[in-house]
Amino acid sequence: MFLSFKYDCSHEDADRIRELINKSKAYLATEKEPIRSSFDRDSILKWIDKKMSDTFATLLIYHPSVFESEFVEYEIRSSQNRKNVLVVL
């Protein structure tokens, strides 16, 4: 599974979800992501591609401003291209 969210709005929720999934021993493709401000756009897109490479589902943490993130939009398009199941939380 790939966890998609707008970092500045939902990173604490993402941490809680990661913890729950880790306790259940399910596979989650995203370890805690790097601080995005410290990477250029291309590095972030490569990181997303790498983490999404072996996934079958994408969990999107919804927030009213989630679609303001170009990276979330990229993650959703990539998920659709991979035919991942998209689950909105």
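This one's a predicted model, so the numbers in the text were calculated from it and none came from an experiment.
In terms of heavy atoms, Glu75 sits closest to Phe5 at OE1-N, 4.0 Å. Here the closest heavy-atom approach between residue Met52 and residue Phe2 is recorded as CE-CD2, 3.5 Å.
When each of Leu3, Val72, Leu89 is paired with Leu60, the side chain to side chain contact (heavy atoms under 4.5 Å, CB included) condition holds for Val72 and for no other.
Note that NZ of Lys6 and NE2 of His11 are 13.0 Å apart. Values are rounded to the nearest 0.5 Å. To the nearest 0.5 Å, the span separating CD1 on Ile76 from CG on Asn84 amounts to 11.5 Å. Here the straight-line distance linking atom CZ of Arg16 with atom CD1 of Ile61 works out to 9.0 Å at 0.5 Å rounding. The distance from atom CG of Leu86 to atom OG1 of Thr58, rounded to the nearest 0.5 Å, is 6.0 Å. Here the CZ atom belonging to Phe71 is positioned 5.5 Å from the CG atom belonging to Leu45, to the nearest 0.5 angstrom. If you take NE2 on His63 and CD on Glu68, they are separated by 9.0 Å, rounding to the nearest 0.5 Å.
Looking only at atom types and distance, the side chain of Tyr62 has no donor-acceptor partner in the side chain of Asp13 under 3.5 Å away. No hydrogens or angles considered: nothing links the side chains of Ser78 and Asn81 as a donor-acceptor pair under 3.5 Å.
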Practice item. Walk me through it: do Asp15 and Arg18 pass the test salt bridge (charged side-chain N to carboxylate O under 4.0 Å, His left out)? Key: CA-CA 5 Å; Asp15 288 343; Arg18 270 190 209 93; 2.8 Å; yes

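Here the side chain of Arg82 pairs no donor or acceptor atom with the backbone of Phe56 at under 3.5 angstrom. Under a 3.5 Å cut-off, the side chain of Ser10 and the backbone N or O of Tyr7 do not form any donor-acceptor pair. Side-chain N or O atoms of Ser69 include none that pairs as donor or acceptor with a backbone N or O of Val66 at under 3.5 Å. Without hydrogens or angle criteria, Asp40 side chain to Asp42 main chain gives a donor-acceptor distance under 3.5 Å.
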